[in-house]
There are 2 protein chains.
Amino acid sequence: METRQRMLAAALRLFAERGFYGASMDQIARELDLTKQALIHHFGTKEKLYGAVLVAISERLMTEAIQPTEVESASAFADAVSRIYLRTLQHREDTLLLMRELLDNRRRAAQAGTWYLKPFLDGLADLLRRDPNWQEEDEGSIFTHVYQVLGAINYFAVSTATLENMYSVEHVEAMQECFPERLRKLAMAGVDT
Amino acid sequence: METRQRMLAAALRLFAERGFYGASMDQIARELDLTKQALIHHFGTKEKLYGAVLVAISERLMTEAIQPTEVESASAFADAVSRIYLRTLQHREDTLLLMRELLDNRRRAAQAGTWYLKPFLDGLADLLRRDPNWQEEDEGSIFTHVYQVLGAINYFAVSTATLENMYSVEHVEAMQECFPERLRKLAMAGVDT
DNA sequence: ATAGCGGCCTACCAATTGGTAAGGAGCCAA
DNA sequence: TTGGCTCCTTACCAATTGGTAGGCCGCTAT
């Protein structure tokens, strides 16, 4: 059991860092001081290992990201967004892998079982729907707003390493400091401005 | 000459769709009814081919995305963002590849020549800096805002295929219809709210 | 003692990878 | 005609890929 968790952790790291094709079973196994056959023994195939990693991520996301008993307030959505932002930074590897999955998905898109994000998105949309400022808005508008805010978070979370090299560590730290406040303004961005 | 362009186009398509490791020289060549040695003849190695694709993208981005003679107006930034959004949708493959590059970059991050986005980012930041509403904001705040808005655009552009499968084509069309208007509100999201 | 079993190994395999070497077809200039 | 050049080919290669087959070791139940 212990081993299985270690395997999932190592696989997450390498898949997140190098992508599905970029990471080989052998590399993952070596990271654990095992042979790739140990991995195959536990998960069958590379695809299934990858799937198990995705399942683990989505479980974490569901149990941690959205509290179902969200307090109903005018800023409920903005509050949830703040929490999601913090969580995204903490689980950067999850974020990286989900981003990669988003890119790769379009090929095997027809396959089922890949909508790990759907309940999450729906939950956020629900939160926004209950906001008095948003009750007159149509569905498309609500989902669009949710997605734009999520995009702002995830894109940044995935970019910090590049930004640090493009500018400097201090520059990125300055951005990180401003981020929550500006994110809040995005989340609140007016319905009737 | 003609062939070189066709090669770059095919490489872009496959790299964007499957990533650097996911696309093989052979696949790219077959797409052109050539052998992979033709590709190697023109570009030397796979890495160099990939590099040439990135260079082509960044050139397109620089010449098209930001007009240097942007009219100075209160909504100059929001206008630029609107144009960038349209361009992003039109060149979705470019967007996909740049997103992948963003993810992969963190490994070979120290390498030079990969800051294709920097002049683009700086240009946008400049635009925002000249906005009267933003003149008192510090650098971190400005860059953060620019990046959040860019994130909203790119994340969505890269997600539409997945979203179509997750919900429906109509759902995504509804989002696409709302997008520009909501994006504008994001871009304008208040400085002193 | 021993049979079974989960956990992991070595040995091996076909397929695919990026890349080298060498040569041929077509064209143009001398 | 000859030589050279560009563009592309076939033939080949070592390395790596994911995966199969089968066996060894240590634990537990009988």
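Numbers restart at 1 for each chain; the letters A, B, ... are given by sequence-line order, proteins then strands.
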task = Keeping the roles fixed (side chain from A:K36, backbone from A:S24), state whether a donor-acceptor pair exists under 3.5 Å.
result = no

message = I need the CZ-P distance between B:R18 and C:dT16, as an integer number of Å.
response = 13 Å

request  = Considering just the side-chain nitrogens and oxygens of B:H42, establish if one lies under 4.0 Å of OP1 or OP2 belonging to D:dT6.
outcome  = no

inquiry  = Please report the distance, rounded to the nearest Å, between CZ in B:F43 and C1' in D:dC8.
reply    = 14 Å

request  = Identify whether the distance between the nearest side-chain nitrogen and carboxylate oxygen of A:R130 and A:D126 falls below 4.0 Å.
outcome  = yes

Sole candidate of A:R18, A:E17, A:M99 that passes side-chain contact (heavy atoms from CB on, under 4.5 Å) when paired with B:L103 = A:M99

ask   = Phosphate oxygens OP1/OP2 of D:dC7: is one of them under 4.0 Å from a side-chain N or O of B:T3?
value = no

request  = Mind calculating the distance between CG (B:L32) and C1' (D:dC7) to the nearest angstrom?
outcome  = 14 Å

inquiry  = Rounded to whole Å, please give me the gap between NE2 in B:H41 and P in D:dT10.
reply    = 15 Å

ask   = Hey, does B:A38 reach any base, or is it just sugar-phosphate, or nothing, if we go heavy atoms under 4.0 Å?
value = base

Find every protein N or O atom lying less than 3.5 Å from an N or O atom of nucleotides 17-19 of chain D, and list the pairs.
| unit_1 | atom_1 | unit_2 | atom_2 | d |
| --- | --- | --- | --- | --- |
| D:dT17 | OP1 | A:S24 | OG | 3.2 |
| D:dG18 | OP1 | A:K46 | NZ | 2.7 |
| D:dG18 | OP2 | A:M25 | N | 3.1 |
| D:dG18 | N7 | A:K36 | NZ | 2.7 |
| D:dG18 | O6 | A:K36 | NZ | 3.3 |
| D:dG19 | OP2 | A:K46 | N | 2.8 |
| D:dG19 | O6 | A:K36 | NZ | 3.1 |
| D:dG19 | O6 | A:Q37 | NE2 | 3.3 |

key: Single hit among A:M188, A:H145, A:R129 for side-chain contact (heavy atoms from CB on, under 4.5 Å) with A:F77   = A:H145

query = Between D:dC7 atom P and B:Q5 atom CD, what is the distance in whole Å?
reply = 13 Å

ask   = Which residue pairs pass the salt bridge (Lys or Arg N to Asp or Glu O under 4.0 Å) test when at least one of the two sits in residues 20-30 of chain A, sequence neighbours left out?
value = A:D26-A:R30

query = Would you say the side-chain atoms of B:S168 pair up with the backbone N or O of B:H171, donor to acceptor, closer than 3.5 Å?
reply = yes

